[in-house]
Amino acid sequence: QNLALQKFDPALGTLNSVSISYRGSIYSYAQVENLDDEAVTVTESCSGTMGFTFPGGARQTSGLSYSLSHNFSAYDGTTDFGGTSGASSPFFIESNSGNPITQTESTNLGSYIGTDTFSVPVDASGRATLFTDAGNLESSVSTYGWAGVTVTYDYTPPAIDLTIAKAVTSSGPYIVGSNVTYSLLARNLGPATAQPAIVVKDLLPAGLTYVSATGTNWSCAAAGQAITCTRASGAGTLAANASADVITVTAKVAAGATGSLVNMAQVNPAANETLAESNPLGSSNSGYETGDPAVGSNNDDSKAITVVQAIDLTIAKSVGAGAYAPGSNVSYSLLARNLGPATAQAAIVVKDLLPAGLTYVSATGTNWSCTAAGQTVTCTRASGAGTLAANASADAITVVAKVDASVAIGTSLVNHAQVAPAANETVPESNPLGTANGGYEDGNPASGSNNDDSKAIVVAVPTAVPTLNEWMLLLLSVMVGLLAMRQAQGRRHMR
């Protein structure tokens with residue numbers, strides 16, 4: 001028979017060596033007969049070498065030898081080894097029980113790796129096949145050998161290799177006040193399975209402020225610039241070559257931010273992880289290292305965005321005071337301004353939307369070219385006027401319109417205007433034109449975009465001019481004549 005032993009399971013780790021130990025013992029069963037009624041003493045002795053026969057016939061004999069001895073005594077005339085003539089007296093002696101036969105297989109470890117088996121031969125009663133080079137006894141003896149087999153594997157347990165990949169998922173340009181979003185993907189490269197509650201940390205640079213961090217099976221919290229996300233234990237273990245759910249981090253570009261902003265992330269094993277990380281988190285820069293997974297540990301990664309300067313165009317509309325009667329003209333002033341902080345390209349565009357009830361008359365302004373199409377007046381600043389610096393205003397535009405004669409007295413007429421960057425503008429607008437009402441929105445620069453403004457006029461009854469009839473004119477002439485005569489008399493008296 002063969003005692004089959006399983007080979008080493010590679011899932012347990014990396015095998016370094018195999019040690020197979022065989023512990024053997026031997027005993028003898030002796031029978032001595034005394035045919036007389038005389039007292040007799042018999043001495044048994046046995047010595048030799050015991051060993052194990054390996055598969056293939058090889059013998060291992062080193063490390064175990066034995067020596068057995070025992071004395072038998074009989075009693076005069078009445079008792080022979082148990083009381084009757086011819087009785088047997090068994091005995092048992094274990095030899096070198098503390099000194100096992102050991103063979104270490106270290107030159108062919110591959111033969112013990114896999115799913116097959118290797119065998120240790122045993123006899124029908126389950127005893128290992130043991131050979132003995134026994135001596136002899138002075139009476140009949142049976143010698144039996146017993147052996148225990150211990151297979152010891154020296155191996156390194158399997159490891160996990162966590163890695164993190166960061167990507168920027170939003171599109172720029174990134175200006176002050178805009179949001180940037182990142183995706184963080186934690187992965188286990190194996191070869192072993194990782195415990196569920198792995199931890200991902202994200203470090204926002206100065207210039208970005210935390211908005212949110214979310215992900216299925218993740219619980220995230222922020223403390224200052226550091227975001228910590230812990231994977232839920234209920235999410236289950238993370239198998240080799242499996243990825244956790246994606247984490248999305250959103251941050252806002254803070255006021256004063258400029259240049260390149262580098263956001264770093266790292267991944268850590270769960271607090272109760274029992275396996276080693278084969279490529280553990282580095283110690284420099286609090287574990288964020290260089291943020292390059294190709295350098296040092298692959299447990300960190302980073303991505304950079306570039307903050308660009310922006311322009312902020314605004315428009316202010318004003319209208320002169322007065323009573324606007326049907327048929328009269330109304331004059332508006334439009335002043336475009338760049339609040340910066342960057343310089344705007346020259347050819348910014350101003351549009352004025354005349355309400356029904358007003359008819360276009362003219363639109364003029366230094367360095368402006370204006371045209372009208374229906375109720376829409378479009379004025380484009382000349383490219384030769386030069387760029388518009390931060391906190392600088394363009395020349396004013398004057399728009400003149402006539403109140404239609406059909407407009408009812410008391411009607412409010414609201415005129416809207418808007419400003420847009422030049423067609424060749426390379427710098428983004430930090431507070432761009434809205435989309436409501438064709439970009440004119442509500443015409444209030446204090447709400448929504450500041451790129452639109454509006455002013456209202458109320459159509460009123462014209463003020464009556466008093467007239468004089470003929471009698472009044474005659475009376476006025478007489479009074480003027482009398483006044484002249486009086487003045488002439490006064491001059492004569494003075495002479």
Side-chain angles (χ1 to χ4, degrees), residues 170-180 204-209 211 251-262 304-319 332-353 363-370 377-399 415-455:
S170 55
S171 57
Y174 298 105
I175 62 176
V176 172
S178 64
N179 282 353
V180 53
L204 297 175
L208 290 182
T209 57
V211 175
K252 184 182 291 291
V253 180
T258 59
S260 179
L261 303 180
V262 181
I305 63 166
T306 300
V307 177
V308 298
Q309 293 291 317
I311 59 173
D312 184 13
L313 299 179
T314 185
I315 189 79
K317 175 190 283 288
S318 61
V319 60
Y332 300 94
S333 176
L334 307 180
L335 186 65
R337 184 174 178 84
N338 175 24
L339 301 183
T343 297
Q345 294 298 310
I348 59 178
V349 178
V350 169
K351 292 183 179 181
D352 191 76
L353 182 62
T364 58
T366 302
N367 290 316
W368 291 96
S369 175
C370 299
V377 181
T378 301
C379 297
T380 303
R381 190 166 177 262
S383 57
T387 55
L388 192 61
N391 298 312
S393 297
D395 298 290
I397 301 170
T398 300
V399 174
N415 183 11
H416 290 79
Q418 64 177 232
V419 62
N424 65 337
E425 184 58 75
T426 57
V427 179
E429 247 271 24
S430 61
N431 194 359
L433 197 67
T435 57
N437 194 27
Y440 296 98
E441 295 186 290
D442 59 357
N444 182 2
S447 62
S449 168
N450 60 0
N451 292 45
D452 61 294
D453 197 6
S454 65
K455 285 295 180 289

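What's counted below: heavy atoms across the whole structure, side chains too, no hydrogens, waters or symmetry copies.
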Side-chain heavy atoms of Gln418 within contact of Leu433, under 4.5 Å |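 Side-chain contact under 4.5 Å: yes.
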
Point to revise | Beyond-backbone contact of Val253 with Ser178, side-chain heavy atoms, under 4.5 angstrom | key: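 They are in side-chain contact.
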
By side-chain hydrogen bond (donor to acceptor under 3.5 Å, both in side chains), which residues pair with [X], not counting sequence neighbours?
X      : value
Ser393 : Arg337
Asn451 : Glu429, Ser449
Glu425 : none
Asp395 : Asn367

Salt bridge (charged side-chain N to carboxylate O under 4.0 Å, His left out) partners of [X], counting only residues at least two apart:
X      : value
Lys455 : Asp453
Asp452 : none
Lys351 : none

Identify, with sequence neighbours excluded, every residue that meets side chain to side chain contact (heavy atoms under 4.5 Å, CB included) alongside [X].
X      : answer
Pro341 : Gln309
Thr398 : Ser331, Thr364, Val400
Thr209 : Lys252, Ala254

[X] [atom1] to [Y] [atom2] distance, which is reported to the nearest 0.5 Å:
X      : Y      : atom1 : atom2 : value
Cys370 : Ile397 : SG    : CD1   : 5.0 Å
Tyr174 : Leu261 : OH    : CG    : 11.0 Å
Asp352 : Ser454 : CG    : OG    : 10.5 Å
Ile315 : Ile348 : CD1   : CD1   : 7.5 Å
Leu335 : Ser318 : CG    : OG    : 8.0 Å

I need the single residue from Asn431, Leu313, Thr314 that forms a side chain to side chain contact (heavy atoms under 4.5 Å, CB included) with Leu339. Which is it?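 So, applying the side chain to side chain contact (heavy atoms under 4.5 Å, CB included) to Leu339 and each of Asn431, Leu313, Thr314, only Thr314 qualifies.
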
Next on the checklist: Show me the pairs that pass side-chain hydrogen bond (donor to acceptor under 3.5 Å, both in side chains) and involve residues 437-448, at least two apart or across chains.
Outcome noted: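 Sorted result for residues 437-448: Asp442-Ser447.
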
When the side chains of residues 377-392 are checked against the rest of the protein, which donor-acceptor pairs come out under 3.5 Å, sequence neighbours left out?
{"from": "Arg381", "atom 1": "NH1", "to": "Ala346", "atom 2": "O", "distance (Å)": "3.1"}
{"from": "Arg381", "atom 1": "NH1", "to": "Gly386", "atom 2": "O", "distance (Å)": "2.8"}

